[in-house]
Structure formats: structure tokens, C-alpha cells
Amino acid sequence: MAVKIKLKRLGKIRSPHYRIVVADSRTRRDGRAIEEIGKYHPTYNPSVMEVDAERVAYWLSVGAQPTEPVLAILKKTGDWQKFKGEPAPAPLLTAEPKKARPSFEALSGDDEGKGEAITQKKKAEKKDEAAAESESAEA
């Protein structure tokens with residue numbers, strides 16, 4: 001029985017998430033797996049790659065063959081180089097913490113007309129015009 005380390009697709013139509021699984025090479029892509037050994041979220045920025053290095057080393061040592069996408073992930077995490085005895089790659093990028101956005105009040109500063117409308121309402125303008133016309137008619 002040939003064993004492969006491959007990706008199992010999860011998630012909605014346009015938001016894929018993958019599990020790195022060990023499965024028989026004859027099973028379907030999302031079929032039954034022997035063991036789940038990692039996660040891959042390509043839509044995050046930067047993408048998330050979590051791999052159980054100990055289990056990957058075990059499965060590679062007993063002859064499991066990684067597919068091309070999994071091989072690329074293993075090379076980025078350094079597990080493939082560790083298995084082959086090569087030097088480790090550069091460390092992966094980590095997500096920078098998001099900076100807190102300043103509040104609206106902090107940006108506006110001290111305004112004298114705080115909380116008041118800048119323009120008058122149309123109904124108020126019509127009443128003022130009507131009052132002005134009635135005063136001019138009386139005079």
C-alpha cells in the first residue's frame with residue numbers, strides 16, 4: 001500500500017483551508033485519512049502553515065511520499081531539509097500585530113460646533129422665509 005502525505009480541502013467555495021494528512025494514495029482528495037499532521041491556511045496574510053514535525057519525520061522515515069504542494073510546505077517549514085540532512089531555510093514571516101486605529105474624537109481635535117449640524121434643515125429655512133415675507137407684507 002502506497003502512503004502519501006497530501007492536502008485535504010476544507011472551507012467554503014472561495015475560502016479554502018487545508019489539512020495536511022497521511023492517506024492511502026488511492027483515496028479521494030477529501031476522503032478517509034490515516035492521520036492529520038498539520039494545517040495550511042493560504043488565504044491568511046501571511047499564510048499559516050502548522051506542521052507536527054515529529055509526525056512528519058516519522059511518516060517520511062517509513063516511506064510516505066509527499067505530494068508537490070505538501071513538499072513545498074515542508075520545504076518552507078524546514079521539515080524536508082531536516083529529513084534530508086540539509087541546512088535549514090530562512091525563518092518564516094510572522095503576522096505583525098495590527099495597530100489600533102485612533103478614534104474619531106481623537107482625530108477631530110477641539111471643535112467649537114461639536115455635536116451641531118453645519119447646515120440648517122430645509123424646513124427651518126422655509127419657515128424663516130415665510131416669516132420674513134409676512135413681516136415685509138405687514139410693513
Side-chain angles (χ1 to χ4, degrees):
M1 176 171 85
V3 178
K4 289 211 174 236
I5 302 174
K6 56 187 180 178
L7 294 177
K8 178 179 181 179
R9 190 181 196 280
L10 303 169
K12 296 180 183 178
I13 291 175
R14 289 179 182 80
S15 62
H17 294 84
Y18 298 94
R19 298 274 168 89
I20 301 171
V21 297
V22 178
D24 183 7
S25 62
R26 297 169 289 185
T27 59
R28 297 176 291 156
R29 176 189 69 178
D30 301 335
R32 186 167 163 237
I34 298 170
E35 182 180 0
E36 291 183 359
I37 57 174
K39 297 178 185 177
Y40 174 51
H41 301 285
T43 55
Y44 294 172
N45 188 15
S47 60
V48 176
M49 291 179 246
E50 297 175 7
V51 179
D52 186 359
E54 186 177 302
R55 297 306 296 163
V56 168
Y58 167 76
W59 282 107
L60 290 173
S61 69
V62 295
Q65 295 297 313
T67 59
E68 288 184 22
V70 173
L71 182 61
I73 292 170
L74 293 178
K75 284 182 179 179
K76 285 186 180 181
T77 59
D79 295 317
W80 184 255
Q81 287 87 342
K82 191 183 297 182
F83 174 69
K84 290 290 187 179
E86 298 172 357
L92 291 175
L93 295 175
T94 56
E96 296 178 10
K98 292 186 177 181
K99 297 178 182 177
R101 294 175 61 184
S103 65
F104 180 74
E105 288 82 19
L107 290 175
S108 64
D110 293 330
D111 291 338
E112 294 177 10
K114 197 171 196 178
E116 297 179 12
I118 297 172
T119 58
Q120 296 179 355
K121 294 181 180 179
K122 290 185 178 182
K123 291 181 181 179
E125 289 178 7
K126 289 181 181 178
K127 288 180 183 178
D128 292 339
E129 290 175 9
E133 287 178 14
S134 62
E135 288 178 8
S136 63
E138 290 175 5

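All figures in this text were calculated on a predicted structure; none of them were measured in a lab.
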Heavy-atom closest contact (A33 atom, A23 atom, distance): CA-CB, 4.1 Å

Closest approach of S15 to H17 (non-hydrogen atoms, all atoms of both residues): O-ND1, 3.2 Å

Which residues share a salt bridge (Lys or Arg N to Asp or Glu O under 4.0 Å) with E36, sequence neighbours left out: R19

Hydrophobic cluster partners of I13 (side-chain heavy atoms under 4.5 Å): none

Under the side-chain contact (heavy atoms from CB on, under 4.5 Å) test, residues paired with R9 that sit two or more places apart: P16, Y18, R29, D30

Reported CD1-to-OG distance for the pair I5 and S25, which is rounded to 0.5 angstrom: 12.5 Å

Linked hydrophobic residues, Y44 as query - side chain contacts closer than 4.5 Å: V48

Donor-acceptor pairs under 3.5 angstrom involving side-chain atoms of residues 79-89: please list them, not counting sequence neighbours.
| unit_1 | atom_1 | unit_2 | atom_2 | d |
| --- | --- | --- | --- | --- |
| D79 | OD2 | T77 | OG1 | 3.1 |
| Q81 | NE2 | K75 | O | 3.3 |

Residues which pass side-chain contact (heavy atoms from CB on, under 4.5 Å) with T67, listed by chain and number, not counting sequence neighbours: K4, K6, P69, V70

Note, L74 side chain near I20 side chain (heavy atom, < 4.5 Å): no

Residue pairs, two or more places apart or on separate chains, that pass side-chain hydrogen bond (donor to acceptor under 3.5 Å, both in side chains) and touch residues 48-64: E35-R55, E35-W59

Test item: I37 and V21 side chains (from C-beta on) under 4.5 Å apart, heavy atoms: no

Hydrophobic cluster membership, V56 vs L71, 4.5 Å side-chain cutoff: yes

Taking every non-hydrogen atom, the tightest pair across P66 and L60: CD-CD2, 3.9 Å

